[in-house]
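Please read the structure below before turning to the comments.
Side chains are part of it too, since the values below use all heavy atoms of this structure and drop only hydrogens, waters and symmetry mates. Positions are given from 1, in the same order as the sequence printed here.
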Amino acid sequence: MLKIKDLESGYEKLQVLKEINLEIKPNEIVAIIGPNGSGKSTVLKCIMGLLKTWKGNISFNNKNITNKRPDEIVKLGISYVPQGRLVFQTMTVLENLEMGAYLIKDKLIIKNRLEKVFEMFPILKERQTQLASFLSGGQQQMLSIARALMLQPELILLDEPSLGLSPKLMTEIFKKIKEINKEETTIILVEQ
C-alpha cells in the first residue's frame with residue numbers, strides 16, 4: 001500500500017532522514033519508534049507532502065506521491081493526525097468533525113460518517129455543541145482522530161497520539177486505534 005524508497009529529507013540545510021526504506025501492507029498497524037529528534041515525525045510530514053523530499057520515492061497504491069501537495073494526498077486516501085492534539089479551539093466539536101469532511105459534498109454521507117465516529121467516540125456526541133477548547137486533553141486527541149476518520153481514509157498517520165495523556169486515557173486511545181484498524185484502515189503510528 002505504501003512504499004518508501006531511499007527517502008532523504010530535512011529542514012533547510014539540516015538533513016534528518018537518510019536512505020529511509022519502509023513498506024506498509026494493507027490493514028497493518030506499523031509503529032515507527034525512536035527518541036525525540038530521530039526523524040519519526042519528519043517521515044510522516046514527507047508522506048503528507050508537508051515537507052519536501054530531497055531524494056527518494058514515496059508511493060501509495062502504486063501511485064508516486066513524492067512531493068505532491070497535501071490536498072492531493074488527502075484525496076488519495078491518507079489522513080494525518082499531527083502530534084499535540086491540534087483541534088480548532090474556537091469551533092465546536094461538531095464543526096471540527098465537519099471540517100474533517102470538507103471534501104465530501106453529499107450531506108447524507110457526512111451524516112452517516114458523523115454517526116460512525118460518534119459511535120466510536122460517544123463522549124464527542126455528548127459534547128458536540130461544546131467548544132473544542134473546553135475538552136480535556138484525551139477528548140481533544142479523540143476529536144483529532146475522529147476528524148481524520150471523517151474522510152474514511154485507507155491509511156491514517158498518527159503522530160504520538162499518547163503524548164501527554166494519562167495511562168488510562170492512553171489505554172483507551174490505543175483500544176480505539178485497534179478498532180479503527182479492524183475497520184480495514186491501515187495505520188502508521190509514531191511513538192517514543
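- In this structure, CD in Glu126 is found 9.0 Å from CD in Gln139, a value given to the nearest 0.5 Å.
- Inspection of the Ser59 and Asn64 side chains reveals no N or O donor paired with an N or O acceptor under 3.5 Å.
- Here the straight-line distance linking atom CG of Leu149 with atom OG of Ser79 works out to 7.0 Å at 0.5 Å rounding.
- Side-chain N or O atoms of Thr185 include none that pairs as donor or acceptor with a backbone N or O of Asn181 at under 3.5 Å.
- Cluster membership check: Ile58 shares its hydrophobic cluster with Ile24, using side-chain heavy-atom separations under 4.5 Å among Ile, Leu, Val, Met, Phe, Trp and Tyr.
- The shortest non-hydrogen separation linking Ser41 to Gln83 is OG-OE1, 3.7 Å.
- Between Asn21 and Leu7, the closest side-chain pair of non-hydrogen atoms is not below 4.5 Å.
- By the rule that hydrophobic residues join a cluster once side-chain heavy atoms approach within less than 4.5 Å of another member, Ile109 and Tyr102 end up as members of one cluster.
- When all heavy atoms are compared, the tightest approach of Pro161 to Glu191 is CD-OE2, 3.1 Å.
- Checked for salt-bridge contact, Lys116 and Glu183 meet the test: a charged N lies under 4.0 Å from a carboxylate O.
- Not counting sequence neighbours, the partners of Leu103 by the side-chain contact (heavy atoms from CB on, under 4.5 Å) test are Val74, Lys75, Leu151.
- Counting all heavy atoms, side chain and backbone alike, Gln141 lies closest to Val81 at NE2-CG1, 3.8 Å.
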*Between Tyr80 and Ile156, is a side-chain contact (heavy atoms from CB on, under 4.5 Å) present by the stated rule, with each step listed?*
CA-CA 6 Å; Tyr80 175 55; Ile156 188 165; over 6 Å; no
Would you tabulate the side-chain donor-acceptor contacts of residues 168-180 under 3.5 Å, counting partners in other chains and residues two or more places apart, or write 'none'?
residue, atom, partner, partner atom, Å
Thr171, OG1, Pro167, O, 2.9
Lys176, NZ, Met120, O, 2.6

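- Considering CG of Leu143 and CZ of Arg147, their distance stands at 6.0 Å, rounded to 0.5 Å.
- In this structure, Met48 CE and Asp71 CG are separated by 9.5 Å, a value rounded to the nearest 0.5 Å.
- The backbone N or O of Thr129 sits nowhere less than 3.5 Å from a side-chain atom of Thr92 that would complete a donor-acceptor pair.
- Every residue was checked against the salt bridge (charged side-chain N to carboxylate O under 4.0 Å, His left out) condition with Glu28, not counting sequence neighbours, and none meets it.
- Within a 6.0 Å radius of CG in Asn62, no more than 12 heavy atoms belonging to other residues, nucleotides or ligands are found.
- At least one donor-acceptor pair under 3.5 Å links the side chain of Ser9 to the backbone N or O of Lys52.
- Contact annotation: the side chain of Arg113 approaches that of Ile104 to within less than 4.5 Å [non-hydrogen atoms, C-beta and beyond].
- Lys63 is linked by a side-chain contact (heavy atoms from CB on, under 4.5 Å) to Leu76, counting only residues two or more places apart in sequence or in another chain.
- Counting only heavy atoms from C-beta outward, the side chains of Ile110 and Asp106 never approach each other to under 4.5 Å.
- Criterion: ILVMFWY side-chain heavy atoms under 4.5 Å apart, direct or through other members. Under it, Val190 and Leu50 are part of a common hydrophobic cluster.
- For Glu154, the side-chain contact (heavy atoms from CB on, under 4.5 Å) test picks out Met1, Phe60, Asn61, with sequence neighbours left out.
- The distance from the CD1 atom of Ile65 to the OG1 atom of Thr53 is 8.5 Å, given to the nearest 0.5 Å.
- Taken to the nearest 0.5 Å, the NZ atom of Lys68 stands 5.0 Å off from the CD atom of Glu72.
- When all heavy atoms of Ala146 and Val117 are compared, the closest pair comes out as O-CG1, 3.8 Å.
- Hydrophobic clustering places Tyr11 together with Leu17 (ILVMFWY residues linked when any side-chain heavy atoms are closer than 4.5 Å, directly or through intermediates).
- The shortest non-hydrogen separation linking Met150 to Leu97 is CG-O, 3.3 Å.
- If you chain together hydrophobic residues whose side chains sit under 4.5 Å apart, Phe88 and Met142 never meet in one group.
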Side-chain donor-acceptor distances from residues 29-37 under 3.5 Å, at least two apart:
residue, atom, partner, partner atom, Å
Asn36, OD1, Gln192, NE2, 2.9

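- Among all heavy-atom pairs drawn from Leu14 and Trp54, the shortest one is O-CH2, 3.6 Å.
- A distance-only check finds no donor-acceptor pair linking the side chain of Asn96 to the backbone of Val87 [under 3.5 Å].
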*Pair Arg69-Ile73, side-chain contact (heavy atoms from CB on, under 4.5 Å): steps then yes or no*: CA-CA 6 Å; Arg69 292 189 326 260; Ile73 292 168; over 6 Å; no
*Given the rule in the side-chain contact (heavy atoms from CB on, under 4.5 Å) test, do Leu2 and Ile188 qualify, once you have shown the distances and angles that lead to the verdict?*
CA-CA 10 Å; Leu2 183 82; Ile188 299 177; 3.6 Å; yes
*For side-chain contact (heavy atoms from CB on, under 4.5 Å), just list the numbers for Lys5 and Glu23, CA-CA rounded to whole Å, side-chain angles, deciding distance to a tenth of an Å, and then say yes or no.*
CA-CA 8 Å; Lys5 179 117 175 80; Glu23 196 167 318; over 6 Å; no
